Amino acid sequence: MPTFTVFKGGEGGKPKESTTTKPDQLVGDNVLVKVTASGVCGTDLHYLTQDMVLGHEGVGIVQDLGPDVKFLRRGQRVGWGYETNSCGHCMECLQGEETFCPQRVMYGMPASADQGSFAAGAVWREAFLHPLPDALPDEHAAPLQCGGATVFTALQGVRPGETVGVMGVGGLGHLAIQFAAKMGCRVVVLSGSERKKGQALELGAHEFVAMSAAGRSSNKNNKDGQQQQQQQQNGEHDELEIKSPINRLLVTTSAQPQWDVLLPLLAPRSQIYPLSVDGGNFEFPYMPILAKGIRIQGVIVATRAVHREMLDFAAFHDVRPIVEKFPMTEEGIAAALDRLEKGQVTYRAVLMAQ
């Protein structure tokens with residue numbers, strides 16, 4: 001029986017080395033993959049105390065094939081993301097929307113708790129493995145399996161020339177900027193301060209807005225900040241200005257946006273995509289939804305079709321995550337997760353097999 005090293009969460013929230021054993025003979029369209037790299041996603045932090053194998057941004061090499069595998073071959077590079085199975089027969093699956101299948105299997109569910117991408121190996125169905133373009137090296141392909149696929153999903157249907165707003169320049173935001181810019185969109189980045197302006201413009205942004213500017217007092221003689229504080233208490237802000245109103249806003253921060261500041265920047269019938277996971281409620285003023293026809297659109301992980309389109313697009317247009325690499329060991333995983341939790345990673349952490 002093939003036995004491989006895995007790294008689990010557990011009591012105390014520290015990753016622990018363990019093993020997973022699979023049957024000797026692969027069945028159906030199952031594929032044994034030797035993991036070469038794994039992205040570290042913010043969602044992994046939610047499972048640190050669970051007795052399950054961590055990681056869902058996996059990249060590796062095909063080692064063995066089940067009898068029903070039709071397209072993959074030994075030695076081929078593949079990746080996988082958040083979803084690893086579905087029924088294939090319900091209306092959602094038949095329409096290519098298997099991410100909403102009632103029997104879907106996703107990261108964190110009991111059906112996949114014994115394996116993940118923080119590991120030396122894994123066994124997945126061929127149907128949920130994605131061949132990797134040669135132009136994408138392992139360390140760049142890994143973060144695309146979830147982070148890249150998620151923002152690419154939120155950009156489906158966007159038209160060249162539209163204005164896309166990206167709130168936050170982080171693990172998701174820096175990928176959203178690249179994808180949107182290379183789709184021919186005008187990209188407006190909204191960030192807390194000017195600190196990441198240079199980086200955002202290098203990644204393809206056309207405008208950069210520091211949200212802190214909205215709280216500044218226009219009274220230059222106000223040295224003690226009392227007027228600024230009074231303005232904020234009264235809900236008053238200096239207005240922000242951009243060249244073209246935002247048609248589609250991707251929120252990649254977990255903190256609630258200042259909607260009173262952002263609403264003047266949104267075009268009529270604009271769409272808002274909350275992409276980061278937060279424990280609280282997503283709150284939005286009621287009347288602007290009616291008056292401006294604003295739509296708030298939930299997005300879960302990419303379907304397989306969108307996932308593969310994303311990989312091809314990233315390879316052809318040279319979309320590259322900015323990564324920090326760590327060894328795939330207990331110590332390396334702990335260090336990566338610690339930096340991620342403290343917001344110190346620039347911009348995606350990647351674990352490399354040793």
Side-chain angles (χ1 to χ4, degrees), residues 81-82 95-100 130 133 136 143-191 196 199-209 240 242-253 257 259 262-277 282 284 288-289 292-322 347-348:
Y82 207 82
Q95 294 178 74
E97 298 289 348
E98 69 276 357
T99 55
F100 300 107
H130 307 285
L136 290 176
L144 295 176
Q145 305 306 314
C146 179
T150 298
V151 298
F152 197 82
T153 298
L155 290 168
Q156 290 300 288
V158 74
R159 297 191 304 271
E162 286 189 21
T163 298
V164 172
V166 178
M167 173 161 283
V169 186
L172 293 176
H174 91 288
L175 291 170
I177 294 167
Q178 294 182 70
F179 278 124
K182 292 183 178 182
M183 289 176 176
C185 300
R186 173 182 289 278
V187 181
V188 178
V189 171
L190 307 158
S191 189
K196 296 181 179 179
Q199 183 84 76
L201 295 176
E202 287 178 11
L203 291 169
H206 301 92
E207 293 184 70
F208 185 95
V209 177
L240 299 173
I242 56 176
K243 294 178 181 177
S244 179
I246 293 170
N247 305 110
R248 186 177 303 218
L249 176 65
L250 276 57
V251 181
T252 70
T253 59
W259 292 119
L262 284 175
L263 279 170
L265 306 182
L266 299 181
R269 293 179 290 118
S270 55
Q271 303 168 48
I272 299 172
Y273 290 79
L275 300 182
S276 292
V277 177
F282 185 84
F284 193 87
I289 294 178
K292 297 187 75 169
I294 292 172
R295 185 173 81 194
I296 299 172
Q297 178 66 55
V299 171
I300 198 164
V301 295
T303 64
R304 289 171 291 173
V306 171
H307 194 122
R308 295 190 184 190
E309 181 184 347
M310 177 275 303
L311 291 172
D312 288 340
F313 186 98
F316 185 78
H317 290 281
D318 198 32
V319 174
R320 293 289 185 270
I322 296 172
Y347 285 106
R348 302 291 293 194

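Any value given below was found using the heavy atoms of this structure, including those in side chains, with hydrogens, waters and symmetry copies removed. Note that the structure is a prediction, hence the values are computed from the model and not measured.
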J.: Using the rule given for side chain to side chain contact (heavy atoms under 4.5 Å, CB included), can you reason through Val299 versus Leu275, listing the C-alpha separation, both sets of side-chain angles and the distance that settles it, and then say yes or no?
T.: CA-CA 7 Å; Val299 171; Leu275 300 182; 4.0 Å; yes
J.: In the structure I gave you, are the side-chain heavy atoms of Val164 and Met183 within less than 4.5 Å of one another anywhere?
T.: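 No; the side chains remain at least 4.5 Å from each other.
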J.: Starting at CD1 of Ile300, measure out to OG1 of Thr153 and round the result to the nearest 0.5 Å.
T.: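 It is 10.0 Å, given to the nearest 0.5 Å.
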J.: To the closest 0.5 Å, what do you measure between CG (Leu175) and CG (Leu144)?
T.: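 Between Leu175 CG and Leu144 CG, I get 6.0 Å after rounding to 0.5 Å.
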J.: Any heavy-atom pair between the side chains of Val187 and Leu203 that's under 4.5 Å?
T.: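 When only atoms from C-beta onward are counted, Val187 and Leu203 do not touch, as no gap falls below 4.5 Å.
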J.: Looking only at atom types and distance, does a side-chain atom of Arg304 sit under 3.5 Å from a main-chain N or O of Glu98, one as donor and one as acceptor?
T.: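 Not confirmed, Arg304 side chain does not pair with Glu98 backbone.
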J.: Which pair of heavy atoms, one from Thr303 and one from Gly96, lies closest together, and at what distance?
T.: CG2-O, 3.4 Å
J.: Calculate, to the nearest 0.5 Å, the distance between atoms CD and CZ belonging to Gln95 and Phe100 respectively.
T.: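 One finds 11.5 Å between CD of Gln95 and CZ of Phe100.
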J.: Could you report the tightest heavy-atom contact between Val151 and Leu172, atom names first, then the distance?
T.: CG1-O, 3.7 Å
J.: Can you list the residues that meet the side-chain hydrogen bond (donor to acceptor under 3.5 Å, both in side chains) rule with His206, with sequence neighbours excluded?
T.: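 Listed in chain order: nothing, the list is empty.
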J.: Return the minimal non-hydrogen interatomic distance between Tyr82 and Cys146, and the atom names on each side.
T.: CD1-SG, 4.4 Å
J.: Supply the atom-to-atom distance Lys182 NZ to Phe313 CZ, rounded to the nearest 0.5 angstrom.
T.: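 Rounded to the nearest 0.5 Å, the NZ-CZ separation comes out at 8.0 Å.
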J.: Do Gln178 side-chain atoms and Gly204 backbone N/O form a donor-acceptor pair below 3.5 Å?
T.: no
J.: Quick one: does Ser276's side chain have a donor or acceptor within less than 3.5 Å of a partner on Thr252's backbone?
T.: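 Checked: pair present.
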J.: Can you list the residues that meet the salt bridge (Lys or Arg N to Asp or Glu O under 4.0 Å) rule with Asp312, with sequence neighbours excluded?
T.: none
J.: If you take all heavy atoms of Ala314 and Arg320, which pair is closest and at what distance?
T.: O-NH1, 3.5 Å
J.: Can you tell me if CZ on Phe282 sees more than 12 non-hydrogen neighbours from other groups inside 6.0 Å?
T.: yes
J.: From Trp259 CH2 over to Leu265 CG, what is the distance, rounded to the nearest 0.5 angstrom?
T.: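 With rounding to 0.5 Å, CH2 (Trp259) is 11.0 Å from CG (Leu265).
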J.: Should Leu250 and Leu155 count as side-chain neighbours, where that means a heavy-atom distance under 4.5 Å?
T.: yes
J.: Let me confirm one number: the CZ-CD1 distance from Arg186 to Ile242, rounded to the nearest 0.5 Å.
T.: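 These two atoms lie 9.0 Å from each other.
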J.: Would you indicate whether the side-chain heavy atoms of Ile272 and Phe284 approach each other to under 4.5 Å?
T.: yes
J.: Look only at the side chain of His174 and the backbone of Gly171, and say whether a donor-acceptor pair between them is shorter than 3.5 Å.
T.: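 Answer holds: yes.
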J.: Under a 4.5 Å cut-off applied to non-hydrogen side-chain atoms, are Gln271 and Asn247 in contact?
T.: no
J.: Within the side chain of Glu207, is there an N or O that forms a donor-acceptor pair under 3.5 Å with the backbone of Lys243?
T.: yes
J.: Are Tyr273 and Met167 close enough, and set up right, to give a side chain to side chain contact (heavy atoms under 4.5 Å, CB included), and what steps lead you there?
T.: CA-CA 10 Å; Tyr273 290 79; Met167 173 161 283; over 6 Å; no
J.: Compare every heavy atom of Thr99 with every heavy atom of Ala302, then report the nearest pair and how far apart it is.
T.: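 Closest pair (atom of Ala302, atom of Thr99, distance): O-CG2, 3.5 Å.
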J.: Which heavy-atom pair separates Arg348 from Pro321 by the least distance, and what is that distance?
T.: CG-CB, 4.5 Å
J.: Would you find a donor on one side and an acceptor on the other, under 3.5 Å apart, between the side chain of Lys196 and the backbone of Ser191?
T.: no
J.: Classify the ring geometry of His307 against His130: parallel below 30°, tilted from 30° to 60°, perpendicular beyond 60°.
T.: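 Taking His130 first and then His307, their aromatic rings lie parallel (interplane angle under 30°).
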